[in-house]
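Reviewing the structure listed below.
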There are 2 protein chains.
Amino acid sequence: MFSKACEYGIKATLFIAQKSLHQQRVSLKEIASEIDSPIAFTAKILQSLARSGMVDSHKGPTGGFEMDRTKMDTITLYEIVHAIDGDQIFHGCGLGLKQCDANHPCPVHEKFVVIRENLTQMLQNTTVYELASGLDIGLTLLKR
Amino acid sequence: MFSKACEYGIKATLFIAQKSLHQQRVSLKEIASEIDSPIAFTAKILQSLARSGMVDSHKGPTGGFEMDRTKMDTITLYEIVHAIDGDQIFHGCGLGLKQCDANHPCPVHEKFVVIRENLTQMLQNTTVYELASGLDIGLTLLKR
DNA sequence: TCTATTTCGGACAAAAATATCCTAATTAAA
DNA sequence: TTTAATTAGGATATTTTTGTCCGAAATAGA
Ligand code: FES
Ligand code: FES
């Protein structure tokens, strides 16, 4: 469904958010360990998320990643997925036609758009804060 | 969402089915042309679908691929996707945890299973015949 | 200022997915 | 029986995704 990069990106963001709820900055090393991801690859993804302003990064000793409390409410899974995987999953044809066009539909168009729309709505309605909270109270897990 | 192999496999199957509605066998060359796919790669996928009994293949002059009318009713998109892409999309964790387990859920589990279930139901409820019919009356398209 | 620690970013490497090439096997028809 | 057409299948190539390595830049604290 999502690329590995996207899975890591979501998990990293949620972990950063959860720690930021307690004013704790987390290092790349800690993140990769907690979400069970390859360090250097995770670094690339975090750099990209930092550049697009979803998380804040700081260099040097005591450096690391953190996330504004207010951003946790405005940033949804949709923004993260879109930033990393693009919009193919949101607007692309399920059978790979160059253009998904209701006027020239592929055989699965009618049924596929429903699924695609469900997914889009779900991602748009799910904030980072909501998921970070579930993590924080131990309701959900980021590995195993 | 689906792999390229799976997209080609679905389109090829639907084209074969549509032609079989008129007792017409179709060659690999014709299939690849009609669904706009690389010939040799499509051949691999069709070999696999033939081995798993979803379509019938015949060598030699007048050879090609065809599909039993009765199979069009029993084979759904689910079978095709499962045969080519496996069951990761139907049972795998949305965030890539090794095991999707409701008792040890990832942060998106609750919301993701709904989407996954919708997709599974849709694919299981969609027969090859239904889609081949839409193709046959010109309601839907396999390329462009 | 110096040092240790951290992210940044470019180059590189490995693995997986996608795609191609070529020969063998089969088979219908001349 | 010969020929031409077709799928089968193994080997190889290309592209994309995933993952690694290493030095540069920044920075907090000694
Ligand atoms: S045209 Fe294929 S999903 Fe819309
Ligand atoms: S545990 Fe992640 S989707 Fe079920």
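Both backbone and side-chain heavy atoms feed into the values below; hydrogens, waters and symmetry mates do not. Numbered from 1 within each chain, the chains take letters A, B, ... in sequence-line order.
The cationic atom of Arg69(B) (NZ for Lys, CZ for Arg) lies less than 6.0 Å from the six-membered ring centre of Tyr129(B) and within 45° of the ring axis.
Between the side chains of His109(B) and Asp101(B), no donor-acceptor pair is found at a separation under 3.5 Å. Side-chain polar atoms of Lys111(A) and Thr126(B) form a donor-acceptor pair below 3.5 angstrom.
A donor-acceptor pair is defined here as one N or O able to donate and one able to accept, closer than 3.5 Å; such a pair exists between the side chain of Asn125(B) and the backbone of Gln121(B).
Electrostatic pairing of Asp36(B) and Lys98(A) counts as a salt bridge here, judged by a charged N lying under 4.0 Å from a carboxylate O. A salt bridge does not link Glu34(A) with Lys29(A): none of the charged nitrogens is closer than 4.0 Å to a carboxylate oxygen.
With a heavy-atom cut-off of 4.0 Å to chain B, the contacted part of DNA chain D has its first and last nucleotide at dA4(D) to dA11(D).
In this structure, the side chains of Thr127(B) and Ile75(B) stay at 4.5 Å or more apart for every pair of heavy atoms. The shortest distance between side-chain heavy atoms of Gln124(B) and Thr120(B) falls below 4.5 Å. Counting heavy atoms from C-beta on, the side chains of Pro107(B) and Leu95(B) come closer than 4.5 Å.
Residue Thr62(A) places no side-chain N or O under 4.0 Å from the OP1 or OP2 atom of dT6(C).
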Base versus backbone protein contacts along nucleotides 13-27 of chain C [heavy-atom cut-off under 4.0 Å; B, S, -]: -----SBBB----BB
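Note: Tyr78(A) and Phe90(A) have tilted aromatic rings, judged against thresholds of 30 and 60 degrees for the angle between ring planes.
A straight line from CG of Leu49(A) to P of dT7(C) spans 14 Å, rounded to a whole angstrom.
For DNA chain C, the residues of residues 10-30 of chain A within the heavy-atom distance limit of 4.0 Å (strictly under) are Ser27(A), Leu28(A), Lys29(A), sorted by number.
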